[in-house]
2 protein chains.
Amino acid sequence: MPLDYEKVKNWPIPDSVHSYTRRDTMLYALGVGAATQNPPEDPQFVLEKGLKALPTMAVVLAGGDFWLADPAAGIDLARLLHGEQFLRLHKPLPPEGTLVGKHRVEEIFDKGADKGAVLILNRKLHDQATGDLVAEVAMSIFLRGNGGFGGRADGQPIPHAVPTDRAPDASLDLVTRPEQAALYRLAGADPNPIHVDAAMARRAGFERPILHGLCSYGVAGRAVLKLLCNNDPARLRRLDLRFASPVYPGETLRTQVWRQGPGRAAFQVRVVERDLLVLNNGLAEFDEHPQ
Amino acid sequence: MPLDYEKVKNWPIPDSVHSYTRRDTMLYALGVGAATQNPPEDPQFVLEKGLKALPTMAVVLAGGDFWLADPAAGIDLARLLHGEQFLRLHKPLPPEGTLVGKHRVEEIFDKGADKGAVLILNRKLHDQATGDLVAEVAMSIFLRGNGGFGGRADGQPIPHAVPTDRAPDASLDLVTRPEQAALYRLAGADPNPIHVDAAMARRAGFERPILHGLCSYGVAGRAVLKLLCNNDPARLRRLDLRFASPVYPGETLRTQVWRQGPGRAAFQVRVVERDLLVLNNGLAEFDEHPQ
C-alpha cells in the first residue's frame with residue numbers, strides 16, 4: 001500500500017533517553033566479536049581498565065521505540081529491509097552515560113509501486129550531561145510494500161563507489177562465532193527472532209537465521225579502526241555502508257579498504273567462506289593522526 | 001597470620017538483595033557457554049521464549065560484598081583459594097526476580113599454621129516476592145595464610161568419592177571459547193583480573209589467565225542437566241564439587257557421571273586437551289522424573 005507521505009514524513013517521534021553502563025559497553029564489544037583470545041586482543045574495548053566505547057555502538061543507543069510498527073504508519077513490516085547505515089561521530093562516545101536521541105524522518109523517496117519506498121531516518125545523539133552533540137546516526141529503510149505514493153524518486157544519498165580498478169590497500173579478516181547472534185541480540189538490544197529461530201528465518205525468506213546487519217556493521221567498524229585509525233576510536237569520524245547480502249553467524253568477515261586521500265577511504269566486506277560481498281559502498285572518514 | 005576465630009566466625013554479614021533481569025539470565029547462560037551454534041542448541045536458556053534459568057546461576061546471585069577483603073577480618077587474600085562449591089536447589093530459580101541472601105560463616109577448620117584454614121561460607125537465597133527459600137549456596141574457602149589459630153581440624157565436609165573401579169555411565173564434552181572469561185566476568189559479575197590479564201595471572205602463580213572456577217562449575221552443571229535431568233533445570237536438586245586444577249579459556253570440558261542409586265550420581269570433569277582432572281568429587285542429586 002502506498003504510504004501517506006505527509007503523515008510519515010512528519011511523524012512526531014519523541015526524544016529517546018538511553019542510559020548505558022560500562023558493562024553494556026563491554027558487552028556491546030563482545031557482541032561484535034571484539035574478543036577471540038585470552039587475554040583479549042583489544043582490552044580497551046572489553047575490560048574496565050581504560051575502557052573505550054567502540055564508536056559503532058552509537059547505532060544501538062537511544063534508538064527509541066520502533067514507531068514504524070505503529071499500524072497508523074501504514075508500513076508493510078514484512079517487506080521492510082534495512083538498506084544502509086550511516087554514522088558521523090563528533091566526539092568520542094563515552095564509555096558510560098546518558099544520551100538523548102532526537103529523531104526525524106529526513107526524506108522518503110518513491111521508487112514506484114512495484115519497487116517500494118526508501119525512508120531515511122536520522123537521529124542526533126546528545127550527551128545529556130553536557131548537551132554536546134556526540135553523534136549522528138542515520139539509516140535508509142527500504143519499504144518494498146509502500147511505494148507508488150507519488151513522491152520524488154531522485155535525490156537519494158548516492159552510495160559511495162568502491163574502486164574496481166585496483167586492489168585494496170589493506171585487508172583484515174575478523175571471525176564471528178556461531179553464537180554471535182545469540183550474544184549480539186542482548187548486546188545490541190535487538191531481539192528479532194529471524195536471527196536465532198530457524199522457522200522465523202525461513203518465513204522471512206532466509207535459508208537459516210542470519211546475523212544482525214548491525215553486528216556485521218560493528219565488525220566492519222572494528223576492522224576500519226584497526227586498518228585506518230591505529231585502533232583509536234577517537235579518530236573515526238564517519239562510517240557509512242550498504243547492506244548487500246546476509247551474513248551467517250560463524251562466518252569470517254574480510255574488510256578491504258582503499259585509501260582515497262587524507263582521512264578518507266572506501267571499504268567493503270566479504271564473507272571469506274562463501275567469497276561473497278556482504279557490505280558494500282563503505283565510506284570511512286577519520287583523523288590521520290591522534291588529536 | 002592465624003585468624004581470630006571468634007571474630008570471623010561471628011562476622012555480621014548483612015543480608016544482600018539482588019535483582020536480576022531476563023537479560024542477565026540469558027547472559028549468564030552464554031557466559032557458561034550455553035550457545036555454540038545458531039540456532040542455539042538450548043534455546044530455553046538463552047532466548048526469551050520459555051526462558052528458564054540455569055540452576056547454577058544461583059551461585060552468582062545475592063553474593064553480597066566481599067567482606068573477607070575487610071582488613072579487620074585479617075585474611076591473607078593473596079593466599080585465598082576457592083576450594084569447593086556446594087548448591088542445593090529447593091525451587092526452580094526464577095528467570096527474573098529479586099533474591100535476598102542471608103549469609104553465615106558455617107565453620108572454620110584449622111589445618112595448622114603450615115597448611116592454613118578452611119572457611120565454610122553459607123548463604124540462603126529467598127525469593128523476595130514470596131519469601132520462599134529457593135536455594136542454598138555454600139563454598140569452602142582455603143585460607144592458606146591463616147591456619148594455626150588453635151581451632152578444630154576435623155569435621156570438614158567429606159568430599160564425595162568418585163568411583164575408581166568402573167568406567168563412567170555417561171560422558172559429555174562441552175567446549176568453552178577463548179573469550180569465555182571475558183564474557184563470564186560480565187555474566188557472573190566477577191571482574192578479578194587474573195582471568196583476563198597475563199601479568200596479574202602470573203603474579204598469582206598461573207602460567208596464563210585462567211577461566212573462572214564458577215564458569216567451569218556452570219559448564220559442569222549444564223553437562224549434568226543434559227546427562228541426568230533430560231536438560232530440565234527443575235529436576236536438579238544438588239550440585240557439589242571440588243576445584244582440582246585451573247581451566248584455561250578455550251578448553252573442552254569432559255563431564256563424566258557415575259549413577260549411584262535413584263536421583264544420585266558422582267561426577268568429575270577433565271580437560272580433554274590436557275587429559276587433566278579439573279573438577280573432582282562431584283555429587284549431583286536430581287529428580288529421576290519431572291515433577
Side-chain angles (χ1 to χ4, degrees), chain A residues 21-43 45-51 175-189 191-202 206-212 215 247-251, chain B residues 21-43 45-51 175-189 191-202 206-212 215 247-251:
Chain A
T21 63
R22 286 175 177 260
R23 182 181 187 241
D24 293 326
T25 296
M26 294 184 277
L27 186 58
Y28 172 80
L30 293 173
V32 297
T36 62
Q37 301 170 19
N38 203 47
E41 57 268 45
D42 290 321
F45 300 132
V46 300
L47 301 180
E48 292 81 359
K49 196 177 166 186
L51 180 66
V175 302
T176 65
R177 298 292 190 201
E179 65 269 26
Q180 204 72 51
L183 181 58
Y184 180 82
R185 65 200 300 281
L186 302 183
N192 188 333
I194 69 164
H195 303 295
V196 286
D197 184 297
M200 293 299 284
R202 275 194 299 272
F206 302 107
E207 192 187 316
R208 51 199 173 96
I210 62 172
L211 190 59
H212 300 68
C215 180
V247 172
Y248 296 112
E251 292 186 318
Chain B
T21 63
R22 287 174 177 261
R23 182 181 188 240
D24 293 327
T25 295
M26 294 184 276
L27 186 57
Y28 171 80
L30 293 173
V32 298
T36 63
Q37 301 170 19
N38 203 48
E41 57 268 45
D42 290 322
F45 301 132
V46 299
L47 300 181
E48 292 81 357
K49 196 176 165 186
L51 180 66
V175 301
T176 65
R177 298 292 190 200
E179 65 269 25
Q180 204 72 50
L183 180 59
Y184 180 82
R185 66 200 300 280
L186 302 183
N192 188 334
I194 70 164
H195 303 295
V196 286
D197 183 298
M200 294 298 285
R202 275 193 300 272
F206 302 108
E207 190 187 318
R208 51 200 173 96
I210 62 173
L211 190 59
H212 300 69
C215 180
V247 173
Y248 297 112
E251 293 186 319

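As the structure is a computational prediction, the values presented were derived from the model and not from experiment. Numbered from 1 within each chain, the chains take letters A, B, ... in sequence-line order.
Near-neighbour residues of residues 34-43 of chain B relative to chain A, defined by a heavy atom under 4.5 Å from a heavy atom of that chain, comprise B:Ala35, B:Thr36, B:Gln37, B:Asn38, B:Pro39, B:Pro40.
Considering only residues two or more places apart in sequence or on other chains, B:His212 meets the ring-ring contact (aromatic ring centres under 6.0 Å, His included) condition with B:Tyr184, B:His195. B:Asp24 pairs by the salt bridge (charged side-chain N to carboxylate O under 4.0 Å, His left out) definition with A:Arg23, not counting sequence neighbours. Scanning for salt bridge (charged side-chain N to carboxylate O under 4.0 Å, His left out) contacts around B:Arg22 gives B:Glu96, with sequence neighbours left out.
With a 4.5 Å cut-off on non-hydrogen atoms, B:Pro209 touches chain A through its backbone and its side chain both. Using a 4.5 Å cut-off between heavy atoms, B:Ala198 contacts chain A through both its backbone and its side chain.
Taken to the nearest 0.5 Å, the CE atom of A:Met26 stands 6.0 Å off from the CZ atom of B:Arg185. One distance of note links CG of A:Leu27 with CG of B:Leu30; it measures 9.0 Å at 0.5 Å rounding.
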Before you tell me yes or no, could you show the steps for A:Leu183 and B:Leu183 under side-chain contact (heavy atoms from CB on, under 4.5 Å), namely the whole-Å CA-CA distance, both residues' side-chain angles and the distance that decides it to 0.1 Å? CA-CA 10 Å; A:Leu183 181 58; B:Leu183 180 59; 3.8 Å; yes
